[in-house]
Amino acid sequence: TTLMKEKLVVFLAGLQYIAVQIINTSGCFKSFLLANCSIMYLFLLFLADGPSIQQVLVELTNQRTVPNVFVNGTHIGGCDATYQAYHDGSLQKLLGDSKDAETYDYDLIIIGGGSGGLACSKEAAGFGKKVLVLDYVVPTPLGTSWGLGGTCVNVGCIPKKLMHQAALLGQALQDSRKYGWQYEEQVKHNWETMVEAIQNYIGSLNWGYRVSLREKSVTYLNSYGEFVEPHKIKATNRKGQVTYHTAETFVLATGERPRYPGIPGDKEYCITSDDLFSLPYCPGKTLVVGASYVALECAGFLAGLGMDVTVMVRSILLRGFDQEMAERIGAYMETHGVKFIKKFVPVQVEQLEEGMPGRLKVTAKSTGGEPEIFEEEYNTVLLAIGRDACTRNIGLETIGVKINEKNGKVPVNDEEQTNVPYVYAIGDILEGKLELTPVAIQAGKLLSKYEFLFTPLEYGSCGLSEEKAIEGYGKQNLEVYHSLFWPLEWTVAGRDNNTCYGKIICNKHDNNRVIGFHVLGPNAGEVTQGFAAAIKCGLTKELLDETIGIHPTCAEVR
Amino acid sequence: MATLWRRRERLLGVSGRLCRTVRALSGKNEYDLLVIGGGSGGLACAKEAAQFGRKVAVLDYVEPSPQGTKWGLGGTCVNVGCIPKKLMHQAALLGSALKDAQHYGWNIAQPVHHTWSVMAQAVQNYVKSLNWGHRVQLQDKKVKYFNMKGSFSDPHTIRGLTKGGKETIVTAENIVIATGGRPKYPTHIAGALAYGITSDDLFWLKESPGKTLVVGASYVSLECAGFLTGIGLDTTVMMRSIPLRGFDQQMASLVTEHMECYGTKFLKRCFPTKVEKLESNKLQVTWKNTDLGTEETDCFDTVMWAVGRAPDVKTLNLDAVGVKTNSETGKIIVDASEATSVPHIYAIGDITEGRPELTPTAIAAGKLLARRLFGQSSELMDYDNVPTTVFTPLEYGCVGLSEEAAVQCYGSDNIEMVCLREREQRILGLHFIGPNAGEVIQGFALGIKCGATYPQLMKTVGIHPTCAEEITKLHITKRSGLDATVTGC
């Protein structure tokens with residue numbers, strides 16, 4: 001019985017062991033013990049008086065089978081019970097409660113300094129935890145890289161909305177003459193001026209993040225993080241210097257990066273959104289490949305800045321979005337000078353001439369029907385065909401974190417916990433919840449979800465698309481209300497009558513409850529914001545707080 | 001209380017119908033409904049009533065302003081209110097956009113200047129198109145339109161007078177008074193009426209008002225001063241006490257502080273004593289500074305009074321039929337069903353006592369009234385939690401109570417909510433300052449009404465004119481196959 005006072009006691013088949021040092025393990029316990037070797041001191045000691053101990057064990061635990069596990073004198077049970085305790089965390093708790101638990105360098109290490117990672121690090125530091133953030137931007141094939149803050153700040157929402165704003169201002173310039181403003185006819189856009197202003201602003205944000213990390217006493221390393229063993233990470237900086245850091249808990253927040261199609265010339269000559277926002281020269285005549293929101297937003301503002309823009313689309317626009325709205329967005333862009341090549345994919349990009357920008361020749365083939373070849377010259381080819389999670393080169397396999405082999409995303413439970421209990425994941429790398437079943441739709445699970453696009457005609461939506469609503473409720477049970485409208489400000493400017501559009505989808509059998517809200521028009525974000533709150537409804541302050549802000553708009557109510 | 005009123009209405013409704021048959025047989029009453037005043041509320045009420053197949057007429061007549069300005073069908077909102085105001089506000093915003101654009105890489109050769117006449121022409125053309133649109137809509141809905149000034153000669157009879165003095169007698173079963181309000185002139189200031197203009201004139205000026213003094217601290221005053229500053233005019237606001245009385249005062253001071261940074265000059269705690277016209281055609285204004293106890297003067301090209309609005313009831317001859325008004329405000333006293341002291345005479349919009357002076361509330365009240373009269377509805381207008389927006393350079397949107405009115409509050413920076421602590425922190429008011437404030441507040445107002453079923457969505461009063469209000473006006477179902485194009489205002 002004195003044995004029970006040891007930290008961990010494991011009675012294995014026939015022989016009884018107490019923990020002395022990790023020597024060896026076997027059978028079903030192997031992986032479990034290995035996975036935890038850094039939180040447990042495991043001592044294995046051969047004991048001579050096997051049968052008498054067995055006798056005592058049966059008396060104590062009423063368990064005849066082995067293994068039979070005790071932690072700090074508390075009986076856990078057999079193999080299954082130990083796994084169970086391990087997975088629900090009670091085993092770790094028992095082990096951790098003891099005085100001589102191993103100490104780590106940090107309570108928490110976060111890999112990835114984007115929106116999610118930074119927020120998480122500051123929050124944890126606020127609770128008095130010792131936190132390390134590792135952030136490292138692997139340069140794009142063309143060498144573009146950036147500072148702390150992740151996609152949103154550097155190559156996502158922020159520069160995108162600013163370029164979108166530049167395009168809107170171009171429209172405002174045209175409108176302004178109708179409103180009595182007079183100035184010289186010739187107005188040209190200077191790409192370099194815009195990029196410099198935007199990059200200066202981003203630089204100030206990068207700096208701001210560093211300062212706020214320091215204020216919160218979060219350690220920041222501009223190094224690439226990679227798991228080398230459980231609870232231990234290898235950090236490599238730009239100069240190739242390596243340091244090692246351990247922590248009790250880890251959060252993966254590495255985000256996503258644009259995908260390349262794997263065709264000849266893609267990495268050599270094409271750019272992605274990672275390059276566009278800091279491009280030092282005007283991209284000129286541009287081919288945007290893809291039908292994602294990134295593709296349409298970029299195509300939209302490039303056209304708004306006066307570029308000759310073509311979008312090449314494999315099949316439909318904005319898959320997953322309400323298709324009527326997607327079509328309207330496409331139609332509006334077409335009337336504003338964006339060309340669309342539908343049902344084509346590029347197969348090769350060749351360089352005709354180097355330069356800033358150079359000249360590229362794109363070869364594409366049709367995706368359906370008669371095989372057709374399309375060839376055209378562009379100054380710039382922007383790939384926007386999707387994004388991949390950055391989870392394949394951070395040593396996850398070393399510590400056994402499972403990822404979806406297809407898309408690299410990390411499955412998590414409701415607490416954002418991966419299959420390895422001390423590793424959590426947040427942000428873009430999370431495996432999307434399963435495709436919505438009609439039942440889930442019925443339960444209204446998606447109602448708080450909303451989306452917002454800075455296409456030239458802005459699009460905001462909340463709740464279900466018409467397609468999903470029909471799938472979930474049946475067409476006969478829905479009522480769809482819609483209206484085209486002409487914003488007052490556009491009337492005097494005399495443009496785009498009857499292009500703005502609003503639609504709400506109601507469930508007839510639930511008191512006409514609004515289950516989908518869609519609007520196309522100026523300031524769609526602002527408009528949607530409140531409606532999203534309202535759709536969540538019963539609207540208490542608490543509910544309003546739960547509503548996530550549309551980023552970045554004025555309506556981001558905290 | 002409300003149920004009592006409704007019961008009374010229903011009883012009256014029955015007797016009213018009997019009455020109508022008798023009168024119709026005797027050929028006495030030509031119309032089921034006569035609306036006096038073709039503004040937002042009146043037109044909405046008339047068109048809604050016509051939908052029920054009733055015989056409806058609208059009388060509208062614009063008494064020229066003291067400076068001689070007049071306009072077409074549609075009332076204050078369309079002609080001298082929200083619409084031209086927001087368009088001129090937009091002109092000012094575009095001025096800011098021109099400055100911003102240079103930072104975003106647009107090369108604009110200096111100098112940039114603003115030409116009033118181009119803007120005014122564009123705005124006025126648009127307003128005229130709306131006037132025409134309203135005429136066409138009345139015709140489509142078979143509502144008879146009289147361009148006449150109406151006054152009561154008996155409880156069912158209105159005497160209409162055309163501009164030329166021609167008289168027409170119109171009789172109706174039900175009468176709705178919706179003649180709205182007009183800007184007030186101060187009565188005790190020499191030269192005020194002779195030389196000053198009001199918002200009724202500003203939007204129809206053919207030439208730039210030049211250096212302008214705006215007197216008053218109302219939202220009309222601040223909005224006009226805001227856009228005048230924005231298009232590059234030297235603009236001064238003179239106010240005797242606090243800005244935006246009745247609005248949340250923290251937000252009101254943020255609005256004026258921003259305007260000061262934006263270039264609008266403020267003469268606070270000052271009131272004018274006289275206006276004189278100099279030989280140079282400039283207007284010399286003399287005022288008292290109550291802080292210093294001094295008298296000061298300056299010269300302006302234009303002096304605009306924005307000291308409040310008063311109802312347009314004088315000519316209606318209400319005494320003849322016994323419709324009661326509030327002796328202080330001159331406004332018509334109505335019950336929850338918009339009925340005046342004379343049961344078959346109703347009043348909606350700015351002319352009614354204690355109601356918000358807002359286009360969307362007048363429209364909603366007018367429609368609901370028509371439905372109660374002719375559509376077997378009993379639904380009353382809900383005047384609680386009506387959102388509104390002040391289109392100052394930095395826009396201010398709000399719904400519900402002001403902080404002062406709510407006492408218990410929660411807030412930070414530019415957004416704040418006035419909530420009740422108990423009972424799950426229900427939101428009592430929400431105030432927002434920033435660009436597109438109207439768009440922002442719109443949905444939240446809906447949230448405050450809550451539950452967000454379609455009937456509730458319809459009950460949410462739109463902020464006028466924003467894009468978001470279009471959503472609260474959604475009524476065409478896809479199923480119906482009707483044209484979803486929006487016409488008019």
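Keep in mind that this is a model prediction, so the values were computed, not measured. Because only heavy atoms are used, hydrogens play no part in the values below, and waters and symmetry mates are left out as well, while side chains stay in. Every chain is numbered from 1 and lettered A, B, ... according to where its sequence line falls, protein lines coming before strand lines.
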Fill in the blank from the handout: Taking every heavy atom of B:M119 against every heavy atom of A:Y179, the minimum-distance pair comes out as CB-O, 3.4 Å
Exercise for the section: Please name all residues satisfying side-chain hydrogen bond (donor to acceptor under 3.5 Å, both in side chains) with B:D100, sequence neighbours left out, ordered by chain then number. Expected result: none
Handout entry: Engaged part of B:Q102 at the chain A interface, taking heavy atoms whose separation is under 4.5 Å
Key = backbone
Problem - Part of B:H113 within contact of chain A (heavy atom distance under 4.5 Å) - result: both
Handout entry: For the student: nearest non-hydrogen atoms of B:L98 and A:S176, plus distance
Key = CD2-OG, 3.9 Å
Problem - Distance (rounded to the nearest 0.5 Å) between B:L94 CG and A:D175 CG - result: 6.0 Å
Practice task
Taking all heavy atoms of B:G105 and all of A:T193, pick out the closest pair and write down the distance.
Solution key: CA-CB, 3.8 Å
Practice task
Name the region of A:I198, side chain, backbone, both or neither, that has any atom closer than 4.5 Å to a heavy atom of chain B.
Solution key: neither
Exercise for the section: Quick one: which of B:S129, B:A101, B:A120 has the most heavy-atom pairs under 4.5 Å with chain A, could you say? Expected result: B:A101
Exercise for the section: Examine distances only and state if a side-chain atom of A:H189 and a backbone atom of B:Y104 form a donor-acceptor pair shorter than 3.5 Å. Expected result: yes
Handout entry: Which atoms of B:I231 approach chain A - backbone, side chain, both or neither, heavy atom under 4.5 Å
Key = both
Problem - Nearest-0.5 Å distance, CG of residue A:L169 to CH2 of residue B:W106 - result: 8.5 Å
Practice task
Mark yes or no for whether A:W181, through its side chain, and B:A91, through its backbone, hold a donor-acceptor pair below 3.5 Å.
Solution key: yes
Handout entry: Flag if over 12 foreign heavy atoms under 6.0 Å of CD, A:E196
Key = no
Exercise for the section: Could you look at A:L305 and say if it's the side chain, the backbone, both or neither that has a heavy atom under 4.5 Å from chain B? Expected result: both
Fill in the blank from the handout: Nearest heavy-atom approach of A:Q182 to B:T115 is OE1-OG1, 2.6 Å
Handout entry: Sub-4.5 Å side-chain heavy-atom contact between A:Y183 and B:Q110
Key = no
Problem - Any side-chain heavy-atom pair of A:V187 and B:N107 under 4.5 Å - result: no
